[in-house]
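A note on names: the letters A, B, ... follow the listed sequences, proteins ahead of strands, and every chain is numbered from 1. Fair warning: this is a prediction, and the values are worked out from it, not measured in the lab.
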2 protein chains.
Amino acid sequence: MPRQVDHADRRRIVAEAVCELADEHGLEGVTLRDVAARAQVSMGAVQRCFRTKEEMLVFALGHIGERIGSRVRARLVRSPAQSAATALGHAATEVALLREEHRAEARVWLAFVAQAAVSEALAGTLKASYAALEESFAGLVAEALEDPARTVPVDPRREARTLLALADGLTAHVLIGHLTPRAAQDVLDAHLTALFTD
Amino acid sequence: MPRQVDHADRRRIVAEAVCELADEHGLEGVTLRDVAARAQVSMGAVQRCFRTKEEMLVFALGHIGERIGSRVRARLVRSPAQSAATALGHAATEVALLREEHRAEARVWLAFVAQAAVSEALAGTLKASYAALEESFAGLVAEALEDPARTVPVDPRREARTLLALADGLTAHVLIGHLTPRAAQDVLDAHLTALFTD
DNA sequence: ACAGTTCCGATGCGCTCGTATCGGAACGTG
DNA sequence: CACGTTCCGATACGAGCGCATCGGAACTGT
């Protein structure tokens with residue numbers, strides 16, 4: 001067996017470059033040449049890792065989805081003593097990518113979501129990510145609201161979907177400058193408070 | 001004065017073509033040639049209406065924003081006798097573009113939102129549309145919740161922002177296939193019900 | 001009818017894109 | 001130390017892009 005290369009690792013490096021460029025110029029500003037340059041490899045190397053550009057984009061989407069998902073999961077288990085409600089608030093904030101240092105990820109994610117509306121391959125990857133998030137959220141909502149003294153019954157799945165959609169919508173509105181991150185956080189907090197005080 | 005052409009009208013026709021193509025192949029699938037062909041005019045005519053492609057896209061965004069906005073406004077005044085709460089529900093459904101026949105508009109809108117995250121020109125137009133919607137919604141929320149018997153005070157502006165973000169998030173989730181239109185409508189209805197029964 | 005102005009369809013240019021190709025560098029193996 | 005395999009950098013290619021150009025069609029006012 002002659003010269004071998006860690007393909008998995010290179011794919012990750014390339015995916016990072018894709019995300020950086022998508023953050024700066026949008027998804028359509030991502031070209032193979034620029035990606036290769038940013039990743040400090042040759043175009044040939046990129047082509048060896050991914051047969052086509054679409055394959056590269058799909059991998060990059062999965063990569064960033066994995067990163068966000070694992071950060072959310074980390075938030076959920078960091079402090080086992082916290083209430084489910086608190087955990088849910090943290091996780092939702094994480095999903096909404098409101099913190100300044102995650103603005104880039106938010107832009108990339110939004111670009112992928114828009115593209116997924118017309119690309120079956122991207123849509124599949126995205127749906128998997130969202131399904132996993134919805135599951136996590138639904139579990140947390142159920143746990144946080146299992147108080148038998150509640151006057152109004154709540155559908156955990158529906159509340160999870162609400163939270164997820166709200167987080168995504170807030171992310172978009174922050175990105176285009178309609179809301180400040182602070183205002184978005186305020187909206188999110190108010191929604192959660194209302195959810196847990198009914 | 002020699003031969004004259006209704007430029008405003010042609011711009012509208014071209015904008016329609018832009019939206020149709022953006023719906024089918026995403027915003028980056030929109031080329032001047034395809035737009036001209038779809039609008040049944042020559043490329044030269046398109047170039048006469050819009051100096052650059054970006055100018056064309058900005059106009060198209062404004063055009064579709066105007067269409068959606070006026071539809072929302074129509075919903076708000078159609079039946080003056082309806083309660084503010086009902087009007088708000090209708091308007092929110094309209095903004096979320098959940099009805100099948102508006103799916104195309106939703107895809108176009110999402111494409112523009114994503115692009116606006118990296119394009120100042122588009123972001124400006126979008127912000128104006130959202131600001132107007134938020135204003136309308138905030139007014140309706142205030143009207144619907146002016147019941148002095150309410151136990152918990154509500155910030156109309158914040159609720160308007162919540163509603164707007166939720167609607168946008170739901171739109172995106174429907175487009176990528178994570179939610180069915182029915183499920184999205186269900187989420188929206190539940191949110192409004194909770195808002196008006198607290 | 002003619003002159004003057006506006007408009008636009010056709011065409012070309014320069015560029016960038018994604019992809020295909022291939023010769024040689026790199027390296028484990030016998 | 002060659003040999004064989006794997007890898008990749010450089011380059012070529014055809015397609016498609018946005019944009020510029022321009023000659024003549026179309027139409028108005030005289």
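For B:Arg11 and C:dC7, the CZ to P distance is 13 Å, given to the nearest whole Å. Following rounding to the nearest Å, A:Met56 (CE) and C:dT19 (C1') show an atom-to-atom distance of 13 Å. Separating the CD atom of B:Glu28 from the P atom of C:dC17 is a distance of 14 Å, rounded to the nearest angstrom. For A:Leu32 and C:dT21, the CG to C1' distance is 16 Å, given to the nearest whole Å. Going from atom CZ of B:Phe50 over to atom P of C:dC8 covers 13 Å, rounded to whole Å. A straight line from CD of A:Glu55 to C1' of C:dT19 spans 14 Å, rounded to a whole angstrom. Rounded to whole Å, the distance from CZ on B:Arg51 to C1' on C:dC7 is 17 Å.
Annotation: of the two residues near DNA chain C, B:Arg10 and A:Glu54, the 5′-most nearest-nucleotide partner is B:Arg10. Along DNA chain C, the nucleotide nearest B:His7 and the nucleotide nearest A:Asp34 are compared for position; the residue whose nucleotide lies closer to the 5' end is B:His7.
Side chain of A:Gln47, nearest nucleotide from C:dT19, D:dC17, D:dC8: C:dT19. The side chain of A:Arg48 lies closest to D:dC7 when the candidates are C:dC8, D:dC7, C:dT19. Counting only heavy atoms from C-beta on, A:Ala45 has its side chain closest to D:dC8 among C:dC8, D:dC8, D:dC19. Listed nucleotides C:dC17, C:dC8, D:dT11 differ in distance to A:Met43; the shortest reach to its side chain belongs to D:dT11. Residue A:Thr31 has its side chain nearest to C:dG18 when only C:dG18, D:dC7, D:dC19 are considered.
A:Val30 and A:Val118 fall into different hydrophobic clusters, where Ile, Leu, Val, Met, Phe, Trp and Tyr side chains are chained together by heavy-atom contacts under 4.5 Å. When hydrophobic clusters are built by joining Ile, Leu, Val, Met, Phe, Trp and Tyr residues whose side-chain heavy atoms come closer than 4.5 Å, directly or via intermediates, A:Val14 is not grouped with A:Met43.
Among the atoms of the strands shown, only primed sugar atoms or phosphate atoms (P, OP1, OP2) are found under 4.0 Å from some heavy atom of A:Val30.
With hydrogens and angles ignored, a donor-acceptor pair under 3.5 angstrom links the side chain of A:Arg33 to the base of C:dG18.
Without hydrogens or angle criteria, A:Ser70 side chain to A:Arg67 main chain gives a donor-acceptor distance under 3.5 Å.
Residues A:Arg73 and A:Glu66 are paired through a salt bridge, judged by an N-O separation under 4.0 Å between the basic side chain and the carboxylate. With respect to A:Glu135 and A:Arg157, a salt bridge is recorded, a charged nitrogen being found less than 4.0 Å from a carboxylate O.
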